Amino acid sequence: MSPPLLIGSEIYRGSTYGPKHPLAIPRVSTTLDLIRSLGWLDERRYLDSPRATPEQLARFHDPDYLAALMRAEATQSVSPEDRERFRIGADGNPVYREVFRRPATGAGGTMLAARLTARGGVVHVPGGGTHHGMRARASGFCYLNDAVLGLLAWLDQGLSRILYLDIDAHHGDGVEIAFRDDSRVVTLSVHEKGRWPFTGLTHGRCGALNLPVPPGFHDAEMRALLHGAILPVIEALQPEAIMLQCGADGVEEDPLARLSLSNNAHAEVIAAVMHRAPRFVLLGGGGYNPWTVARCWARGWGVLNGRVPPERLPPEAEAVLRGLSFHRAAGRNPPEHWFTTLADAPREGEVRPEVAALLAGLPAMLESVAECAA
Ligand SMILES: [Zn+2]
């Protein structure tokens with residue numbers, strides 16, 4: 001298999017959802033800077049993300065909605081009708097400078113990743129993972145759903161057994177809904193129970209699998225789910241392709257969720273699943289602490305390339321992390337290890353009964369997968 005590819009874009013540099021929004025922070029640009037400063041990128045393996053065209057986006061999205069999104073970018077405003085109907089400029093989905101171009105670039109990147117893996121391969125798209133985007137509506141800071149578009153691109157190549165795995169702190173509702181009636185895509189989401197969008201509490205029919213976890217969910221519990229649920233599902237499905245949405249908001253220091261993972265959990269999941277199918281695409285997703293996100297996703301690229309994080313970051317990498325600012329409480333006095341390390345300290349513990357109970361649901365999960373394959 002050829003070495004992994006990294007798809008990024010400079011559109012993210014300096015782009016913001018507005019000063020008070022959780023996505024005021026730089027994420028993809030910092031991740032790319034960190035990867036490069038570690039010397040972990042052969043530039044021949046880096047691709048600039050194309051911007052998906054409205055025609056390409058219409059493979060999933062409603063053309064009227066796409067037109068409204070382009071209108072919002074062009075006028076930097078939204079009509080009351082468009083706001084009401086498409087939730088642009090509402091619910092935390094602001095009109096911002098690149099409100100069409102940026103998500104269209106994320107979508108173009110994930111669709112390109114699907115094309116590049118047509119005959120197999122590994123691709124990382126840290127700007128992808130907008131899993132809440134709906135067909136005709138913005139939702140949860142997501143305007144388009146690049147994951148759905150990438151999965152559709154795989155289906156259009158003739159694949160018929162695909163796993164979409166989502167370890168973001170929030171339920172991957174947009175992807176689950178998009179493939180609810182499509183037996184070719186199994187969706188499996190691990191997310192915090194009782195958190196927005198408040199869905200994903202049970203398994204849906206035909207391979208819509210959900211593992212809602214309690215606050216405080218830690219590395220040992222993720223490992224238990226990995227070996228007791230995720231890998232057995234993969235074993236049963238034998239997918240031709242796996243897409244992993246690797247939101248970093250499950251890491252302890254994230255301000256928008258109450259999970260207690262370290263980035264070791266993300267690294268462990270990536271390492272365990274990346275070779276379980278001939279095609280593997282790693283996406284970004286949520287993540288609202290700039291240090292946590294960049295360290296988690298740069299580490300993900302490292303895992304794909306068999307790189308071990310250095311004990312202490314080289315000065316160039318440390319400078320990237322020291323250059324960040326964060327206008328939330330955690331940004332006032334960031335701990336030193338956010339600047340000097342890539343790997344978090346492990347956060348282990350006992351597997352609590354609530355998590356063990358999810359493992360007891362494995363037979364039902366496998367039944368759902370079998371129903372899907374039938
Ligand atoms: Zn999230």
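None of the values given here were measured: they were computed from a predicted structure. Atoms within each ligand, like the ligands themselves, are counted from 1 in listed order.
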Nearest non-hydrogen partners of Ser262 and Pro346, listed with the distance:
OG-CA, 3.9 Å
Are side-chain N/O atoms of Asn264 and Arg299 paired as donor and acceptor at under 3.5 Å?
yes
Would you check if there is a donor-acceptor pair between the side chains of Ser189 and His171 at a distance under 3.5 Å?
no
Keeping waters out of it, list the protein N, O or S atoms under 2.8 Å from the Zn ion (ligand 1).
Asp168 OD1, His170 ND1, Asp249 OD2
Please determine if Arg102 forms a cation-pi arrangement with Tyr17, meaning its NZ or CZ atom is less than 6.0 Å from the six-membered ring centre and no more than 45° off the ring axis.
no
Examine distances only and state if a side-chain atom of Tyr46 and a backbone atom of Leu32 form a donor-acceptor pair shorter than 3.5 Å.
no
Proximity of Tyr288 and Phe141 rings by center, below 6.0 Å:
yes
